[in-house]
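So the structure is just underneath, and the comments pick up after that.
Proteins get letters first, then strands, A, B, ... in listed order; numbering begins at 1 in each.
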Amino acid sequence: MKKFYITTAIPYVNARPHIGFALEAVQADVLARYRRELGEEVFFLTGTDENSLKNVQAAEKEGIGPQMFCDRNAKIFYDLKKALNLSFDEFIRTTEKRHFLGAQKLWSACRQEDIYKKKYKGLYCVGCETFYEEKELIQGKCPEHQTAPEVIEEENYFFKLSRYQEKLFKLIESDEYKIIPSTRKNEVLSFIKMGLKDFSISRSKERAHGWGVPVPGDESQIMYVWFDALANYLTALDYNKEGKLYKNYWPADVHVIGKGVIRFHAVYWPAMLLSAGLPLPKELFVHGYITSGGEKMSKSLGNVINPFQLVEKYGADAVRYFLLKYVHPFEDSDFTIEKFEEVYNADLANGLGNLVSRTANLIEKNFDDKIDIGNDREFNLEEVDKSIEDYQFNVAFQIINHSISLLDAYIDEEKPWELIKKDKDQAKRVLSRLTDRILIIAKKLKPFLPQTAEKILKQFTARKIKKGESLFPRI
RNA sequence: CGCGGGGUAGAGCAGUUGGCAGCUCGGCAGGCCCAUAACCUGCAGGUCGUGGGUUCGAGUCCCACCCCCGCAACCA
């Protein structure tokens, strides 16, 4: 059986999940559900990145321990599963033991010559607990704390990224490691062409507050968060034991990520894998960002969109619908509640919901016996599959919505409410055809709007078709 | 000379390989009355940021410029 391993990036837990991560999770979910429908053996992974110093700092502010802080916040991310009806098979947290062991194993598996010690000197702000580049400073001072950073020197491990420059270029250019869309691929290629520098992959235990994955064989050092975070794609498969999951699913078929973390996934990650002698993932799908009212979402602007609130008010499928149809799969898109409600009414209530409603009502009122489902060969929505495979979720819905509109026109043309009085057989044929096509639409909707698809399938395959409640009540 | 994205109807957006400019909302005029005041048909509205170029043909490819917005090596 063909396997399909798909992942999302793992978000930091120091902030609540926002609509942007919901987008990523839903996109990945559609791909996972689609593959399952095809009969493939799917493993869909998500999780949380918890070894960041930011978490330690955030925990301190709240006066609780970092582990407790992570436990509490990771749960909120896990709860997206229920809220958005996600179908992930596994949820990895990077504070788990299997992750520590796996990350250390990956470190040790890297070519010895690729990891070396070097003194690092930099401008360090004690308040932020982070290094700054000279040009990031404002008049020589930390932009956050308005204090002059200290020059500190520390010995860290470095990864010989420079060694992989040409190899990476070829792998990406040839699509052996395929980056989608092509604009992102070009971006990465031009970045690689500018020259890759070795990068630091550890920090002192002291500076990390002892939080994170210890470097194997050197207790004084903690792994750089990205080194361990990227390893999650392996460690969640029990890479440390090279267990069944690992053997079955690695390499990943698709990593779904946001544009902000592209370099780590397109450059660092494959280089680390090459160094460790492991197979590379096949595809990297990079989505855009969601702006809120034309601006970047930020706490200070107070325009962060909370997916839980949306789901509570409008339902999981309505949120999924917006993310898939009105967020461009590859580019930044804007979210406003006004637009959300507009498309909810136009497409879900007036479109899909109303079509289902009027059809079911005509059948319920006029036919007690079962409606035969015809064999409609002219009506197939095969282009929808192609769109999913190309990550064009918006196009998939263009096709589906168009078909809904055609069915509405078909009803108006045939006027089944009149036919029932004149020619009941013909009325039945019309409604049978409608039922048939609605069922085909519902099947195509399964990966996108799983709850709605299920409701429609149940409704129209029941012995007695009933109108029932509205799928999407108008707002 | 750092990298990238955008500028398409009143508003918001889509336009994959160059081939009669589309969608949603809004406006106008009809139709229908099965349906969630929903549905269907038609009309009005665009010099596709500006100026050049390639081509039988450019929103789409090339060059220059103007305006907006991200990123710049721990952002989904």
Open item on the list: Just to be sure I understand the rule, does Gly258(A) reach a base, reach only the sugar-phosphate, or reach nothing, if contact means heavy atoms closer than 4.0 Å?
Closed with: sugar-phosphate

Task: Asp198(A) with Lys118(A): basic N within carboxylate O range, under 4.0 Å - done: no

TODO: Using whole Å, report how far CG of Asp334(A) lies from P of C13(B).
DONE: 6 Å

Task: Interatomic distance at C1', G19(B) relative to A35(B), whole Å - done: 41 Å

Open item on the list: Among A73(B), G5(B), U24(B), which nucleotide has an atom closest to any side-chain atom of Thr183(A)?
Closed with: G5(B)

Open item on the list: Applying a 4.0 Å non-hydrogen cut-off, can you work out what Val261(A) is touching in the nucleic acid: base, sugar-phosphate, or nothing?
Closed with: sugar-phosphate

TODO: Determine whether the side chains of Tyr34(A) and Glu389(A) contain a donor N or O and an acceptor N or O closer than 3.5 Å.
DONE: yes

Task: Gap in Å between the two P atoms, one belonging to G5(B) and one to A14(B), rounded - done: 15 Å

Task: Nearest-neighbour nucleotide for the Met194(A) side chain, G4(B), G15(B), G2(B) considered - done: G2(B)

- [ ] Nearest 0.5 Å please: distance from the CG atom of Leu284(A) over to the CD1 atom of Ile257(A).
- [x] 4.0 Å

Task: C75(B) and U17(B), which share atom name C1', separated by this distance in whole Å - done: 33 Å

TODO: Remember a base hit wins even if backbone is also touched, and classify Asp408(A) as base, sugar-phosphate or nothing at under 4.0 Å, heavy atoms.
DONE: sugar-phosphate

Open item on the list: Please pick, from C34(B), C40(B), U36(B), the nucleotide with the shortest atom-to-atom distance to any side-chain atom of Arg358(A).
Closed with: C34(B)

TODO: From the options C40(B), G15(B), G12(B), select the nucleotide whose nearest atom is closest to the side chain of Asn394(A).
DONE: G15(B)

Open item on the list: Can you measure Glu295(A) atom CD to G6(B) atom P for me and round it to whole angstrom units?
Closed with: 20 Å

TODO: Answer with base, sugar-phosphate or nothing: what part of the nucleic acid does Tyr12(A) contact at a heavy-atom distance below 4.0 Å?
DONE: base

Open item on the list: Both Leu196(A) and Ala409(A) contact RNA chain B. Which one's nearest nucleotide lies toward the 5' end?
Closed with: Ala409(A)

Task: Selection from U24(B), C40(B), C75(B) that lies nearest to any side-chain heavy atom of Glu342(A) - done: U24(B)

Open item on the list: Mind checking if Ala346(A) touches a base, just sugar-phosphate, or nothing, with heavy atoms under 4.0 Å?
Closed with: sugar-phosphate

- [ ] Give a yes/no on whether any side-chain N or O of Asn350(A) is located under 4.0 angstrom from OP1 or OP2 of C39(B).
- [x] yes

- [ ] Round to the nearest Å and state the distance from Ile180(A) atom CD1 to U16(B) atom P.
- [x] 17 Å

Open item on the list: Is there a side-chain contact between Tyr224(A) and the phosphate of C74(B), meaning an N or O under 4.0 Å from OP1 or OP2?
Closed with: yes

Open item on the list: Would you say Gln309(A) and Tyr314(A) are linked by a side-chain donor-acceptor pair, where the criterion is simply a distance under 3.5 Å?
Closed with: no

Open item on the list: Using atom C1' in both nucleotides, what's the gap between G22(B) and C66(B) to the nearest angstrom?
Closed with: 28 Å

TODO: Have a look at Pro11(A) and say if it touches a base, only the backbone sugar-phosphate, or nothing, with a 4.0 Å heavy-atom cut-off.
DONE: sugar-phosphate

TODO: Describe the nucleic acid contact of Ile290(A) in one word from base, sugar-phosphate, nothing, applying a heavy-atom distance below 4.0 Å.
DONE: base

Open item on the list: Side chains of Asn156(A) and Tyr116(A): any donor to acceptor distance under 3.5 Å?
Closed with: no

TODO: Look at Lys467(A) and C34(B) and indicate whether a side-chain polar atom (N or O) is within less than 4.0 Å of OP1 or OP2.
DONE: no

Open item on the list: So Ile19(A), base contact, sugar-phosphate only, or nothing? Heavy-atom distance under 4.0 Å.
Closed with: nothing

TODO: Taking only the side-chain heavy atoms of Lys259(A) (C-beta and beyond), determine which of A38(B), G70(B), C25(B) contains the nearest atom.
DONE: G70(B)

Open item on the list: Please convert RNA chain B into dot-bracket. A pair counts if it is Watson-Crick or G-U wobble with both distances under 3.5 Å; crossing pairs go in [ ] and bases paired with another strand get |.
Closed with: .((((((..((((.....[..)))).(((((.......))))).....(((((..]....))))))))))).....

- [ ] Cation-pi check, Lys325(A) to Phe393(A): give yes when NZ or CZ is under 6.0 Å from the six-membered ring centre and within 45° of the ring axis, no otherwise.
- [x] no

Open item on the list: So, does His328(A) get its side chain near the phosphate of G5(B), meaning an N or O under 4.0 Å from OP1 or OP2?
Closed with: no

Open item on the list: Among C3(B), C74(B), A38(B), which nucleotide has an atom closest to any side-chain atom of Asn354(A)?
Closed with: A38(B)

TODO: Could you check how far OH of Tyr289(A) sits from P of G4(B), rounded to whole Å?
DONE: 18 Å

Open item on the list: Is there, by distance only and without an angle test, a donor paired with an acceptor across the side chain of Asn186(A) and the base of G4(B) below 3.5 Å?
Closed with: no

Open item on the list: Counting the atoms with a prime plus P, OP1 and OP2 as sugar-phosphate, which does Leu362(A) contact under 4.0 Å by heavy atoms, base, sugar-phosphate, or nothing?
Closed with: base

Task: Inter-nucleotide C1' distance (A58(B), C63(B)), Å rounded - done: 15 Å

- [ ] Please report the shortest heavy-atom distance between His265(A) and Pro270(A), naming the atom on each side.
- [x] O-CD, 3.2 Å

Task: Span that lies between the C1' atom of A44(B) and that of U50(B), in whole angstrom - done: 28 Å

Task: Lys/Arg-Asp/Glu bridge criterion (N-O < 4.0 Å) met for Asp49(A), Arg93(A) - done: no

Task: Side chain of Arg263(A) (C-beta onward), nearest among A72(B), C13(B), G70(B) - done: A72(B)

TODO: Please report the closest heavy-atom contact between Ala103(A) and Met223(A), naming both atoms and the distance.
DONE: O-CE, 3.5 Å

- [ ] Quick one: label Gln398(A) by what it contacts on the DNA or RNA (base, sugar-phosphate, nothing), any heavy atom closer than 4.0 Å.
- [x] sugar-phosphate

Open item on the list: Categorize Glu413(A) for me: base, sugar-phosphate, or nothing, with a 4.0 angstrom heavy-atom threshold over every strand shown.
Closed with: nothing

Open item on the list: Is there a ring-ring contact (aromatic ring centres under 6.0 Å, His included) between Phe285(A) and His255(A)? Walk through the geometry before answering.
Closed with: CA-CA 6 Å; Phe285(A) 165 55; His255(A) 289 312; over 10 Å; no

Open item on the list: Mind checking if Glu187(A) touches a base, just sugar-phosphate, or nothing, with heavy atoms under 4.0 Å?
Closed with: sugar-phosphate

TODO: Determine whether any donor atom in the side chain of Lys296(A) lies under 3.5 Å from an acceptor atom in the base of C75(B), or the reverse, and answer yes or no.
DONE: yes

TODO: Select one nucleotide: of C34(B), C74(B), C13(B), the one nearest the side-chain heavy atoms of Trp417(A).
DONE: C34(B)

Open item on the list: Of the options C74(B), U36(B), A35(B), whose atoms approach the side-chain atoms of Arg474(A) most closely?
Closed with: U36(B)

Task: Set of residues satisfying side chain to side chain donor-acceptor pair (under 3.5 Å) with respect to Glu187(A), sequence neighbours excluded - done: Arg184(A)

Open item on the list: Roughly how many Å apart are G46(B) and C39(B), using the C1' atom of each and rounding to a whole number?
Closed with: 28 Å

Task: d(CG, Leu406(A); C1', C40(B)) in whole Å - done: 12 Å

Open item on the list: Assuming nearest nucleotide by heavy-atom distance, tell me which of His18(A) and Lys365(A) is located more 5' along RNA chain B.
Closed with: Lys365(A)

Open item on the list: Tell me whether the side-chain N/O atoms of Ser405(A) come closer than 4.0 Å to OP1 or OP2 in C39(B).
Closed with: no

- [ ] For G27(B) and G10(B), measure between their P atoms and round to the nearest Å.
- [x] 16 Å

- [ ] Assign Phe264(A) to base, sugar-phosphate, or nothing according to its heavy-atom contacts below 4.0 angstrom with the strands shown.
- [x] sugar-phosphate

Task: Atom of Thr8(A), atom of Thr46(A) and distance for their closest heavy-atom approach - done: OG1-OG1, 2.7 Å

TODO: Answer yes or no: does a side-chain N or O of Lys54(A) lie under 4.0 Å from OP1 or OP2 of C75(B)?
DONE: yes

